[in-house]
*Asks:* 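Before I ask anything, let me first share the structure, which is written out below as structure tokens.
Below, chains carry the letters A, B, ... as their sequence lines are ordered, and counting in each starts from 1.
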Amino acid sequence: SRPLGVVDGIEVYSTKISCKVTSRFAHNVVTTRAVNRADTAKEVSFDVELPKTAFITNFTLTIDGVTYPGNVKEKEVAKKQYEKAVSQGKTAGLVKASGRKLEKFTVSVNVAAGSKVSFELTYEELLKRHKGKYEMYLKVQPKQLIKHFEIEADIFEPQGISMLDAEASFITNDLLGSALTKSFSGKKGHVSFKPSLDQQRSCPTCTDSLLKGDFTITYDVNRESPANVQIVNGYFVHFFAPQGLPVVSKNVVFVIDVSGSMHGQKIKQTKDALLKILEDMKEDDYLNFILFSGDVTTWKGNLVQATPESIQQAREFVMNMNAGGMTNINDGLLRGISMLNTAREVNAVPERSTSITELVQTVAGAVAGLGTPPSPSGESRPKKIQENVRNAIRGKFPLYNLGFGNNLNYNFLESMALENHGLARRIYEDSDANLQLQGFYEEVANPLLTGVEVEYPENTILDLTQNTYQHFYDGSEIVVAGRLVDKDLNSFKADVKGHGAVNDLTFTEEVDMKEMEKALREREYIFGNYIERLWAYLTIEQLLEKRKNAHGEEKKNLTAQALDLSLKYHFVTPLTSMVVTKPEDSEEQTAIADKPGEGPTDAEVIPSMAYLTRYQPQPPQTPCHHGEFPGSSWGKAQGPGPSTSCLPRSQPHRVDGD
Amino acid sequence: PHFLIQIPEKGDAICFNIDGDPGTVLRLIQDPVTGLTVNGQVIGDKSPDSKTRKTYFGKLGIANAQMDFRIEVRPDKITLWNGAAQSTFSWLDTVTVAQDGLSVRINRKKNMVVSFGDGVTFVVVLHQVWKKHPIHQDFLGFYVVDSHRMSAQTHGLLGQFFHPFEFKVSDVHPGSDPTKPDATMVVKNHRLTVTRGSQKDYRKDVSSGTKVACWFVHNNGQGLIDGVPSDYIVPDLF
């Protein structure tokens, strides 16, 4: 009789996901322990799915008590080691995109008979506030019962926690529900999920696990004050999220691709989303629709106030939209931009709301499923379209690009959105695409402030992260971090200026260092230099984003800065890789952790990404049989001895869809 | 609530109390020309059985009809309305709200300064007491710092004193409290017996305040104020 939890000789006896969140900065450690109970060497693989926004900071492999630590290296340096390992038929770890929100880290090693192996992956991320809450997302996917399975999350928020929830998509009955506990009081919150072996079974007599799905922790903090500043070891972070302000009215132009590539489900889902969005529009808002295929058609000649009558007409217009023909995104966008500019020039929208909405919340939402394959008409050169759009907008309002489906030039959309102070989102072609569209609109539908500037007294700070924002949206949060020139400051002052719907506001935050110390006294909850790491994370993230639209010398400098920080703070970013080398049989076995991007953008990034997201076929190799477990997969090799390696049975030979 | 009327040209001050029932709203300032109105709602102690029946302002409503602007100030929050647009702030905010002809500055846990253009400035002071105090609760103080742009038609419990008025104090003599002499005050064609006392100005120091000596007019300011206190009761804050 086979012991429970032993599959093909490998027993996974423990998996723990430990999350420590301090002031939105999450430090997660995934530890898995296994033993090879077979008579021969077996391959054990370890998969973790982590958020795309996270950076891996450490990976260690411990075999029979000997730990092999990970080293973060510049991608090119790591690449050589990786290629060497692969050319020798050795296993190598990979990170590739997995679904909408996640990346998958995979590594496997050979473990001698009777040996124990332990994998530990650490990653960090700054939790961002959306629609009034922070969300931490964990993927749980075991196909094997695990004796000690545990998810533990400790949250410490100096502002106090206002709500905390944890949900598992796979919890289907009360029995499993009892394995989940969640509590919060004051500044501390705790979530624990510890299903017993019996609770993990998919049925009372089954040996396979029902733990398969998403585990999501959501919380928010008290907002008695609009801002909160924290300072530790000379680094500060400033969170700003005022409440109770009126919503700035918007002028929205929806620029919609109705070319043949949108035919069928995409146009139907777009219609559904637009109809819902129309329901949510406020009477102070102004709107119009621009449809482009080979030609450009507009709903109205100019922006129209969202009165009940015009909303009804808009509904009818949306319901009659049909897809077909070629794609002329250039003229569609330029028509929309021109309409917004004209509305401002001729005062067709109220003066105060005009200046606000045009600068901030005028949404030129290009629901652009660039044809598959593109069938452009009009201007089709992406660089030229970008230039035209940039020159037309001239920084006056943001452009949001929503790309539908997988086969579009997402980098073009993203690049264009970023250089026009907006952002791009991919809309996944699933049944909930209409909700994705609608959800995005809701995120940007309620601007409370425009032209937000966060100011600190001159000569007191260094290395500030982004401190100007075109808008602050209800339910979101602005985060600015930096370094203090004088560590021994007694007090610290910050001003946040912005334009509200009807007046200008200046929020002042004064910090007394002694009070601060009291607030951050819960040392056991604070992982040492979390503000410094949060600052580094945010700085790298912003440098990488800026880099996407930089050229020449500027791009070189941004890359150098981001690389320098990634190496200094041990972050696996798109510029670095983590290498774990395990000496084995006088040879080296190399594992590598790496971070993929959205897809090809330039010559510097593509080659390394392509190689990293490929498994190298090395026949004759024995295929692995992979099982999966919580954020991890386990498999065994059918091979005979310790030096045998294996490769996955299916070998994708392209950069993943993202 | 206590009322303190400082008359700088005389270097003196007059004070009186208005003992309205909790919930009563009193008209403090009304200027039909500028459209400015300030009303205050009275609150009492937490326990209605407390021996001393003290009342305070628990809510203030400042409105400018011409600007279609209103502020409701409470010890727990401050709400601004520009037409239908509503903004809510907490006393934990330090924030400046500025628009044409208006400036509102909230100083965290201390006070709020409201200015209508150049010439009308009010200060609302937050008085916080211990949260678990068995009797007292948080209340507000209201100060007129500048009223020179308000019209001569301004009225209300405070507004009527924005215009120069004559009063004379004579016959200072010992009163029932040896430390507080009584005197005779002639004001608005009334002859009143007043008592020398003091009130506090909490604008600079919200915990201790600054003592201001004044002549106290008894009986809810009767004789000093135009009409009777009930004339100043209005149905709503706005």
*Asks:* List the steps, then state whether side chain to side chain contact (heavy atoms under 4.5 Å, CB included) holds for L245(A) with F89(B).
*Replies:* CA-CA 8 Å; L245(A) 299 177; F89(B) 300 97; 3.7 Å; yes
*Asks:* Counting only heavy atoms not in H2(B), do more than 12 fall under 6.0 Å of its NE2?
*Replies:*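 No, NE2 of H2(B) has 12 or fewer neighbouring heavy atoms, counting only those of other groups under 6.0 Å.
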*Asks:* Does CG in D76(B) sit with more than 12 non-hydrogen atoms of other residues, nucleotides or ligands closer than 6.0 Å?
*Replies:*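 Counting neighbours around CG of D76(B), more than 12 heavy atoms of other residues, nucleotides or ligands fall under 6.0 Å, so yes.
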*Asks:* With heavy-atom distances below 4.5 Å as the criterion, would you say the side chains of Q243(A) and S90(B) are in contact?
*Replies:*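 No. Closest side-chain heavy atoms not under 4.5 Å.
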*Asks:* Report the C-alpha distance between T508(A) and V95(B) in whole Å, list the side-chain angles of each, state the deciding distance to 0.1 Å, and finish with yes or no for side chain to side chain contact (heavy atoms under 4.5 Å, CB included).
*Replies:* CA-CA 6 Å; T508(A) 305; V95(B) 60; over 6 Å; no
*Asks:* Output the option from R105(B), K77(B), R108(B), Q86(B) having the highest count of non-hydrogen pairs under 4.5 Å with chain A.
*Replies:*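 Looking at each option in turn, the highest pair count goes to Q86(B).
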*Asks:* Are there more than 12 heavy atoms of other residues, nucleotides or ligands under 6.0 Å from atom CD of E9(B)?
*Replies:*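 For E9(B), atom CD is crowded (more than 12 foreign heavy atoms under 6.0 Å).
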*Asks:* Would the number of heavy atoms belonging to other residues, nucleotides or ligands and lying under 6.0 Å from NZ of K282(A) be above 12?
*Replies:*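 Result for NZ/K282(A): enclosed.
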*Asks:* Can you tell me if NZ on K133(A) sees more than 12 non-hydrogen neighbours from other groups inside 6.0 Å?
*Replies:*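 No, not enclosed.
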*Asks:* How far does CG of N503(A) sit from OG of S103(B), to the nearest 0.5 angstrom?
*Replies:*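 Result: 10.0 Å between the selected atoms.
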*Asks:* Roughly how far, to the nearest 0.5 Å, is CD of E509(A) from CG of D93(B)?
*Replies:*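 Reported value, rounded in 0.5 Å steps: 9.0 Å.
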*Asks:* Looking at T79(B), T88(B), T94(B), N82(B), which one has more heavy-atom pairs under 4.5 Å with chain A than the rest?
*Replies:*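 Sorted descending by pairs with chain A, the first entry is T94(B).
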*Asks:* Counting only heavy atoms not in K110(B), do more than 12 sit closer than 6.0 Å to its NZ atom?
*Replies:*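 Open: at most 12 neighbouring heavy atoms sit under 6.0 Å from NZ of K110(B).
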